[in-house]
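Only one structure is covered here, and it is reproduced in the block below.
Side chains are part of it too, since the values below use all heavy atoms of this structure and drop only hydrogens, waters and symmetry mates. Within every chain, numbering begins at 1; the chains are lettered A, B, ... in the order of the sequence lines, protein sequences first and strands thereafter.
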Number of protein chains: 2
Amino acid sequence: MEAKTVDAGLLQSRYRLTKQRAAVLRALGDGKHLSAETILERVRAEMPAVSLGTIYRTLDILREIGLVQIFSFAGSAARYEATLEKHHHLLCSNCRSLTNVRADGLADLAHDIARRERFSNIDFALTIVGRCHDCTNRNGA
Amino acid sequence: MEAKTVDAGLLQSRYRLTKQRAAVLRALGDGKHLSAETILERVRAEMPAVSLGTIYRTLDILREIGLVQIFSFAGSAARYEATLEKHHHLLCSNCRSLTNVRADGLADLAHDIARRERFSNIDFALTIVGRCHDCTNRNGA
DNA sequence: CTCTCTGCAAAGCATTTGCACATTG
DNA sequence: CAATGTGCAAATGCTTTGCAGAGAG
């Protein structure tokens with residue numbers, strides 16, 4: 001069902017639906033917050049000849065269409081995620097894991113700010129950085 | 001006054017207060033959201049021999065101490081900003097300008113989420129992406 | 001004086017791009 | 001078929017690092 005929506009997204013766009021693009025979408029489907037390198041591995045499981053360049057080109061197209069969200073890090077590789085429903089992120093400063101959360105009420109807050117500052121056509125993202133439960137117990141760095 | 005706080009921050013830390021580090025802090029003081037390259041230019045205005053490596057090393061130390069915040073982009077250079085008071089960002093998707101805003105009520109929301117997810121020691125950042133007023137009028141891409 | 005910092009230049013990574021061939025619609 | 005997409009490999013751009021000499025405390 002997601003795959004259907006997702007393929008439709010590409011078909012409706014000005015881009016062609018190729019094997020490679022479908023495979024990237026599939027790779028994103030069952031895993032979250034993947035790096036381009038990880039996506040490459042997954043896609044290569046079914047299509048060994050795919051190149052990293054194609055992965056990046058595809059991810060960029062998917063982002064443009066709105067099917068993929070990018071999460072950029074200071075000082076390491078970005079992570080990519082299929083846009084299923086609006087959510088936000090908790091990032092563990094220790095193990096760098098990402099957790100998805102909903103943030104009810106944030107939309108109103110963001111739209112108020114945007115209106116006040118005369119921004120239109122907005123999207124918004126909340127990132128909470130902290131130490132996750134596991135890392136807190138496990139103590140460490 | 002900011003300079004005093006800021007130098008104190010370095011002095012209290014395990015790091016030395018060098019001319020270069022003071023200059024980086026000064027460069028950040030009167031301009032916001034600067035790239036490492038821009039900071040280099042500003043610092044070189046008074047100290048021509050400073051290297052980009054030193055700028056990056058200094059920014060990393062300042063971030064560690066908490067005097068500087070990093071704003072990472074997908075696909076271009078990061079921007080750095082002195083941490084004066086807690087605020088959030090509006091990013092124009094067209095001209096890439098950054099605007100600072102306060103977001104009252106967001107702290108409560110973020111802490112609620114963190115508590116629920118058992119994250120401790122959190123910080124949080126809201127980024128709103130959209131088209132700024134100028135770019136909306138100016139139409140374009 | 002000792003330990004830390006700096007400049008320089010080279011290395012490292014993630015990401016992007018040019019080109020000739022393959023594929024899609 | 002014509003237009004678009006792909007693999008490959010080289011290029012790019014930001015950021016990091018090793019080293020030998022300079023500077024801080």
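Considering CG of A:Leu59 and CG of A:Leu28, their distance stands at 6.5 Å, rounded to 0.5 Å. Remark: B:Arg44 CZ to B:Ser51 OG distance equals 7.5 Å, nearest 0.5 Å. The OG1 atom of B:Thr136 sits 8.0 Å away from atom CG of A:Asn121, with the distance rounded to the nearest 0.5 Å.
Closest non-hydrogen pair, A:Ala110 versus B:Ile128, comes out as O-CD1, 3.7 Å.
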Inset, instruction - Quick one: do B:Glu46 and B:Arg26 satisfy salt bridge (charged side-chain N to carboxylate O under 4.0 Å, His left out)? Show the steps, please. - result: CA-CA 11 Å; B:Glu46 12 175 331; B:Arg26 244 175 285 125; 2.6 Å; yes
Inset, instruction - Could you go through the side chain to side chain donor-acceptor pair (under 3.5 Å) check for B:His87 and B:Glu81 one step at a time? - result: CA-CA 11 Å; B:His87 64 261; B:Glu81 165 180 37; 2.9 Å; yes
Inset, instruction - Take A:Asp60 and A:Arg57 through the salt bridge (charged side-chain N to carboxylate O under 4.0 Å, His left out) test and state the conclusion after the steps. - result: CA-CA 5 Å; A:Asp60 194 49; A:Arg57 277 185 285 227; over 6 Å; no
Anything under 3.5 Å between a protein N or O and an N or O of nucleotides 9-13 of chain C, put it in a table, one pair a line.
none

Measure all distances between protein nitrogen or oxygen atoms and nitrogen or oxygen atoms of nucleotides 18-20 of chain D, and list the pairs falling under 3.5 Å.
residue: D:dG18; atom: O6; partner: B:Arg57; partner atom: NH1; Å: 3.4

List, with names and distances, any nitrogen or oxygen atoms from the protein found under 3.5 Å away from nitrogen or oxygen atoms belonging to nucleotides 22-24 of chain D.
residue: D:dG23; atom: N2; partner: B:Arg16; partner atom: NH1; Å: 2.8
residue: D:dA24; atom: N3; partner: B:Arg16; partner atom: NH1; Å: 3.3

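Of all nucleotides listed (C:dC5, C:dT15, D:dT6), C:dC5 comes nearest to the side chain of B:Tyr15.
In this structure, B:Phe124 has its ring center under 6.0 Å from that of B:His88. Between A:His89 and A:Phe71, the gap from one ring centroid to the other is short of 6.0 Å.
With rounding to whole Å, B:Ile61 atom CD1 is found 7 Å from C:dT6 atom P. Atoms CE (A:Met47) and P (D:dC8) sit 11 Å apart, rounded to a whole Å. The distance from atom OH of A:Tyr56 to atom P of D:dG13 is 17 Å, rounded to the nearest whole Å. In this structure, B:Asp60 places its CG atom 11 Å from P of D:dT15, rounding to the nearest Å. Put simply, CZ on B:Phe73 is 16 Å from P on C:dT15, counting in whole angstrom units. Residue B:Ile55 contributes atom CD1, which lies 12 Å from atom P of C:dC8 at whole-angstrom precision. Here the C1' atom of nucleotide D:dT15 and the CG atom of B:Leu40 are 13 Å apart, to the nearest Å. The distance from atom CD1 of B:Ile70 to atom C1' of D:dT15 is 11 Å, rounded to the nearest whole Å.
Under 4.0 angstrom from either OP1 or OP2 of D:dT4 there lies no side-chain N or O belonging to A:Arg14. Contact check, A:Gln20 against C:dT23: no side-chain N or O comes under 4.0 Å of OP1 or OP2.
Using a cut-off of 4.0 Å between Lys/Arg side-chain N and Asp/Glu carboxylate O, A:Asp123 and A:Lys86 are scored as salt-bridged.
A donor-acceptor distance shorter than 3.5 angstrom exists from the side chain of B:Thr58 to the backbone of B:Thr54, with no hydrogens or angles considered.
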